[in-house]
Amino acid sequence: MREKEFRRSLAIFPIGSVMKLTDLTARQIRYYEEQGLIQPDRNEGNRRLYSLNDMDLLLEIKDFLDEGLNIAAIKKEYASRQVKVQKQEKTLTDEDVRRILHDELRNQGRFSSPSSIFRSS
DNA sequence: CTTCTGACA
DNA sequence: TGTCAGCA
């Protein structure tokens with residue numbers, strides 16, 4: 001389940017393709033980038049390159065705009081999402097620490113117990 | 001030909 | 001947001 005995410009993050013589409021696939025003008029796409037809503041890569045010639053994830057983001061931005069939200073509101077929306085992601089990562093980190101601590105205690109038990117040599121796998 | 005940056009009748 | 005200029 002990692003390959004798919006990796007491919008979706010590959011930036012390979014020039015702005016012209018994004019225009020056709022999102023129905024947005026180059027002006028709008030570049031403007032949303034100025035507002036920090038997307039951060040496409042650049043090729044050797046300074047041309048913007050977009051990924052499938054960028055596409056989804058742009059389509060979502062277009063929907064938000066159609067729903068009446070302004071750029072500022074959308075920026076806040078994504079800002080709050082980042083906070084949630086950070087908190088999730090922190091939770092996972094804490095759980096990793098617990099798992100590591102648990103494994104260490106389990107291994108200590110094996111080596112400190114005389115009978116451990118009979119049930120090693 | 002396509003894209004980029006900057007500017008505004 | 002559209003559009004035009006002047007580059008690359």
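FYI, side chains are in, hydrogens and waters are out, and symmetry mates aren't considered; it's all heavy atoms of this structure.
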Review point. Where each pair must be Watson-Crick or G-U wobble with both distances under 3.5 Å, what dot-bracket representation of DNA chain B is obtained, with crossing pairs in [ ] and other-strand partners as |?
Key: .|.|||||.
Would you call [X] and [Y] a salt bridge, taking side-chain N to carboxylate O under 4.0 Å as the test?
X: E5(A); Y: R2(A); answer: yes
X: K90(A); Y: D94(A); answer: yes
X: E33(A); Y: R42(A); answer: yes
X: E34(A); Y: R30(A); answer: no
X: E77(A); Y: R81(A); answer: yes

Practice item. With sequence neighbours left out, write down each residue that passes side-chain hydrogen bond (donor to acceptor under 3.5 Å, both in side chains) with Y31(A), or none if nothing qualifies. Key: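 Once residues adjacent in sequence are excluded, Y31(A) has no partner under the side-chain hydrogen bond (donor to acceptor under 3.5 Å, both in side chains) criterion.
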Revision key, fill the gap. Under a 4.0 Å heavy-atom criterion, the protein footprint on nucleotides 2-9 of chain B, written with B, S and -, is BBSB-B--
Exercise for review: Supply the atom-to-atom distance L57(A) CG to I74(A) CD1, rounded to the nearest 0.5 angstrom.
Suggested key: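 CD1 of I74(A) is found 9.5 Å from CG of L57(A).
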